[in-house]
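Inspection log for the structure reproduced underneath, given as structure tokens.
What's counted below: heavy atoms across the whole structure, side chains too, no hydrogens, waters or symmetry copies. Everything quoted here is computed from the prediction, not taken from an experiment. Quick note on labels: first sequence line is chain A, next is B, and so on, each numbered from 1.
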Amino acid sequence: MSEDEEIRSAKRQKVLDSEAERVAEAAEESLRKHPHGDRDQPLVHHDAGEFSGLKRHETTSEQAEKLENGPINPFTGNQLGQKYFDILKVRRDLPVHAQRAEFLKIFHSSQIMVFVGETGSGKTTQIPQFVLYDEMPHLTGMQVACTQPRRVAAMSVAARVADEMDVSLGEEVGYSIRFENKTSNKTILKYMTDGMLLREAMEDHDLTRYSCIILDEAHERTLATDILMGLLKQVCLRRPDLKIIIMSATLDAEKFQKYFHNAPLLAVPGRTFPVEIYYTPEFQRDYLDAAIRTVLQIHATEDQGDILLFLTGEEEIEDACRKISLEGDELIRDQNCGPLKVYPLYGSLPPHQQQRIFEPAPINPSTKPYARPGRKVIVSTNIAETSLTIDGIVYVVDPGFSKQKVYNPRVRVESLLVSPISKASAQQRAGRAGRTRPGKCFRLYTEEAFHKELIQQSYPEILRSNLASTVLELKKLGIDDLVHFDFMDPPAPETMMRALEELNYLQCLSDEGELTALGRLASHFPLDPMLAVMLIGSPAFGCSEEILTIVAMLSVANVFVRPASARKRADEAKLSFAHPEGDHLTLINVYESFMTASDKGGVHQWCRDNFLSYRSLTSAKNVRSQLRRIMERYDLELVSKYGEIGEGVYWDNIKKALVGGFFMQVGKKKSGTGKTYLTVKDNQEVLIHPSTVVSKEGEWMIYNEFVLTSKNYIRTVTTIKPDWLVEYAPKYYNLDHFSKGDVKLSLERIIERVEASKKFDSKKK
DNA sequence: GAGCACTGC
């Protein structure tokens, strides 16, 4: 860069600071004009109809059941169909139904209640309907919400309940998840993800459109559930008319009760089959080997029924599948065992391969008496613990480990660690054996270890995460005093401090800890604050279209596929998209090529040929258009200078915009050594991850993530000029806060150089 | 020269 250009960009930064503020304020103005954005129309009001004579919050189960018995659908006024009555019979058999009167009694007498129901109790489908018959939301213009931690659950439960109530999905009963809002102005019962309700709360702090909020699966303690619980506890004080039901598994009911001022509890038994638990007599050093032996033993000796084995990750699972298949073949030959089919199951597996786990178990073709049964074995990650249920599992093999996210605030790194599971997890895993008939669970640890070494519950997510987004969300929720916010499990003070510090450097929070205009704007994006700030700043560099693409690509699962059988070809394919100076820049090339291929057709094959994940790229496309809509809503300029300016300047502008978000994630090459980099401020020694396509390594690199595996790696990197750091993030690059060393020394020199050229510039004038 | 447990906005 010439000195002249350096000076110009320094000036541009001055413009930029006020520009970002101006942009944020303009967005606020637009928000003031349209406070509800794209919210629904007001709800339709009916006359009391079938409900006439019933008093809200005083109804009885007899009254509700009479209405349920028909013949008129009390919520729509339509005649009820035969299918409705068929389902009604089944519903009346569910364990929750026996306690409907008891439920109503507690619901009437208390603002908050805790409801505990085991699998098969029918709580997720029935409790919200019990509430509807008492709340009569169609008469009050309010809604009942029921949250779920996962999208599929919200969608499928809503569909089931719409059937049960004989209404069309999306009318009286609907669901709301990211990318899809299937509700209308008729909707009185809304299933939604907990994250979605949190988003709504950020716009409407008192959640005024709901008369009752049900938090389902609260025991999973997702980040969103935890924040919602803290928030609802406050909202209850401001809105005495709002009712809250916390639904959870048994184990931690008491903790929820205590948290909500000793809220009353209703417990309903589940409907599952007994599962016999077996422990190993002694500690197993090699759990993988023990697991494989156990599976084969079950196959050789136990009665018919499929096997589910829990392992920790893709590689381990694929490895175990190979070994079980091989040894299973031997059993079939030597010991007359039945045929054995082995299926891997993990999140990154393409959907059609995930579907294969539902194929029926193989049948033993032998007609001899006492022929051993054929069987399928599913080797799975935790995905089969909560997200996916497989019927027909009779045997569960549980080695007692899973990969869990841990956050280290000192080095600000999230990493995955293989760790012992909790008692609650072990119980959940065992339960998977008893869904269709009595089953057995083989725990590959001792009974003593179970009692003495496993913790009761896994640590909630809020204790294992970087809280930058969370703190921004809480601020946007109107919670000013974070230190005294009533978390069910308060995060470590150091984690909190790190998050506040990071948001302050990003200028999302003022030095007083107050939300800035930029922070408010950033909170509207479903992104890490770093990425949100980068995106908001990008129009000033004339490349918001490009930054949108990068941010979307960084928000989805890895788009590069690298099968063990074709590593070399996959790496070559990746290189064909490479930008020599940046992995971030390469992502633009990949996305653009994907979009071109989409226009031409045959894009699935194109993805396979290029070792790219169709699923991830499609999801990046969705994320990108969602983010683009938010940009439009807040009048953030959508701009690209592609083809208008020289290629060097074009890519440099994008890099500068990247620096606007990633200035805290920078590595500087360690002098003399060659490959090692030092992270700025923390002075950690790191290597560039071997997956990089960067061939023109620079002295200074920004990185997307820090990964701790066999070594310390920085992954997804792009070269930058250090001058941009001091220009665009002067606050962070105030060297008073840097410890002595290589990095500080170089930065001092750069600042001197920039200062000198500024003086030179003012003399020229 | 090497890994992506699982979710969610």
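For A/K675 and A/E697, the salt-bridge test passes: some basic side-chain N is under 4.0 Å from an acidic carboxylate O. Using a cut-off of 4.0 Å between Lys/Arg side-chain N and Asp/Glu carboxylate O, A/K323 and A/E318 are scored as not salt-bridged.
Side-chain atoms of A/D571 lie closest to B/dA2 of the nucleotides B/dA2, B/dA5, B/dG3. Here the nucleotide nearest the side chain of A/R151, chosen from B/dG8, B/dG3, B/dT7, is B/dG8. Considering only the side chain of A/R150, B/dG8 comes nearest among B/dG8, B/dA2, B/dA5. Taking only side-chain atoms of A/I383, from C-beta outward, the nucleotide of B/dG1, B/dC6, B/dA5 with the closest atom is B/dC6. Distance from the side chain of A/Y713 is smallest for B/dG1 among the nucleotides B/dG1, B/dC9, B/dC4. Candidate nucleotides B/dC9, B/dA5, B/dA2 were compared by shortest atom distance to the side chain of A/K405, and B/dA5 ranks first. For A/K711, taking side-chain heavy atoms from C-beta onward, the closest of the listed nucleotides B/dG8, B/dA2, B/dA5 is B/dA2. Candidate nucleotides B/dT7, B/dA2, B/dA5 were compared by shortest atom distance to the side chain of A/E314, and B/dA5 ranks first. For A/R178, the side-chain atoms get nearest to B/dC9 when compared with the rest of B/dC9, B/dG3, B/dA2. Listed nucleotides: B/dC9, B/dC4, B/dA5. Nearest to the side chain of A/V707: B/dC4.
Between A/T312 and B/dA5, a side-chain N or O to OP1/OP2 separation shorter than 4.0 Å is absent.
The residue A/R221 sits apart from the nucleic acid: no heavy atom pair falls under 4.0 Å. Contacts of A/D528 with the nucleic acid, taken as non-hydrogen atoms under 4.0 Å apart, are absent. Using a 4.0 Å heavy-atom cutoff across all strands shown, A/I177 reaches sugar-phosphate atoms only and no base atom. A/T193 comes within contact range of the sugar-phosphate backbone alone, with a heavy-atom separation under 4.0 Å but no base atom that close. A/N558 comes within contact range of at least one nucleobase, with a heavy-atom separation under 4.0 Å. Heavy atoms of A/F310 sit nowhere under 4.0 angstrom from any nucleic acid atom. Here A/S402 lies out of heavy-atom contact (under 4.0 Å) with every strand.
Just one of A/M247, A/M229, A/Q148 meets the side chain to side chain contact (heavy atoms under 4.5 Å, CB included) condition when paired with A/L215; it is A/M229. For the salt bridge (charged side-chain N to carboxylate O under 4.0 Å, His left out) test with A/R221, the passing option among A/D489, A/D252, A/D194 is A/D489; the others fail.
Residue A/E200 contributes atom CD, which lies 17 Å from atom P of B/dG8 at whole-angstrom precision. To the nearest angstrom, C1' of B/dC4 lies 12 Å from CD1 of A/I317. Atom CD in A/Q428 sits roughly 13 Å away from atom C1' in B/dC6 (whole-Å rounding). Here the P atom of nucleotide B/dC4 and the OH atom of A/Y346 are 14 Å apart, to the nearest Å. If you measure from atom CD of A/Q354 to atom C1' of B/dC4, you get 14 Å, rounded to the nearest angstrom. The nearest whole Å value for the distance from the OH atom in A/Y407 to the P atom in B/dT7 is 23 Å. The interatomic distance linking A/Y459 (OH) with B/dT7 (C1') rounds to 21 Å, in whole Å. In this structure, A/M155 places its CE atom 14 Å from P of B/dT7, rounding to the nearest Å.
If you find the closest nucleotide of DNA chain B to A/L223 and to A/K403, the one lying nearer the 5' end belongs to A/K403.
If you check distances only, the side chain of A/R715 never reaches the base of B/dA2 with a donor-acceptor pair under 3.5 Å.
For an aromatic pair to be called close, the ring centres must be under 6.0 Å apart, and A/F560 with A/F611 fails this. A/F256 and A/H219 have their aromatic ring centers separated by at least 6.0 angstrom.
An anti orientation is assigned to B/dC6, its glycosidic angle lying beyond 90° of 0.
Note that OG1 of A/T222 is 8.5 Å distant from CD1 of A/I227, once rounded to the nearest 0.5 Å.
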